[in-house]
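Read through the structure below, which is laid out as structure tokens, and then see the notes.
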Amino acid sequence: YFGKGIYLTPQPEYALGYSSEIVTCGTPVGDNAELHLLLCATVVGQAYPVTISGDYTGQPGEDGWYDASQCQLYGQALMTAPKCGSHYAQIITSNGYHST
């Protein structure tokens, strides 16, 4: 979570993880669940790349995950370079869905 806004991903599996609550609570839905995915064509423009080395403080916990409060952008409006109109965060599951 990088603040209020519209979230997009080129990875349908990641998007479905949010709609099925696997990402948010770790509990998979049943086999007969009906999930929906909205396909959008977007133009991002000038995006600020969120990175652990540039936007996080401290080290990950013993489990390898970062706490959301360690990201300086967490819950903030766009406070990055003035020419950027969005954030881009490439995330990985091994550190709790935080940036790379």
Side-chain angles (χ1 to χ4, degrees):
Y1 179 77
F2 293 93
K4 294 179 181 178
I6 298 171
Y7 287 79
L8 304 169
T9 178
Q11 302 162 326
E13 299 85 2
Y14 183 62
L16 285 171
Y18 271 96
S19 67
S20 66
E21 297 184 347
I22 291 173
V23 170
T24 55
C25 69
T27 306
V29 296
D31 290 338
N32 296 327
E34 183 175 319
L35 304 175
H36 301 274
L37 182 65
L38 178 64
L39 177 63
C40 300
T42 61
V43 176
V44 175
Q46 185 71 21
Y48 175 81
V50 179
T51 63
I52 287 178
S53 62
D55 301 301
Y56 282 71
T57 59
Q59 298 296 316
E62 291 180 11
D63 59 2
W65 288 33
Y66 283 88
D67 184 70
S69 65
Q70 290 177 275
C71 180
Q72 298 173 35
L73 303 173
Y74 177 74
Q76 302 294 320
L78 282 172
M79 298 175 61
T80 54
K83 293 182 180 180
C84 296
S86 60
H87 292 139
Y88 175 80
Q90 179 178 338
I91 58 94
I92 53 175
T93 58
S94 63
N95 68 358
Y97 296 94
H98 285 274
S99 185
T100 57

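Taking CD1 from Ile52 and CD from Gln59, the interatomic distance works out to 9.5 Å, rounded to the nearest 0.5 Å. Distance check: Thr57 OG1 to Asp67 CG gives 9.5 Å after rounding to the nearest 0.5 Å.
The minimum heavy-atom distance between Val50 and Tyr56, with the atom names listed, is CG1-CE1, 4.4 Å. For the residue pair Tyr48 and Leu73, the shortest heavy atom distance occurs at CE2-CD1, 3.9 Å.
The side-chain hydrogen bond (donor to acceptor under 3.5 Å, both in side chains) test applied to Ser53 returns no partner, not counting sequence neighbours.
Within the 4.5 Å cutoff, the side chain of Pro60 has no heavy atoms near those of the Trp65 side chain.
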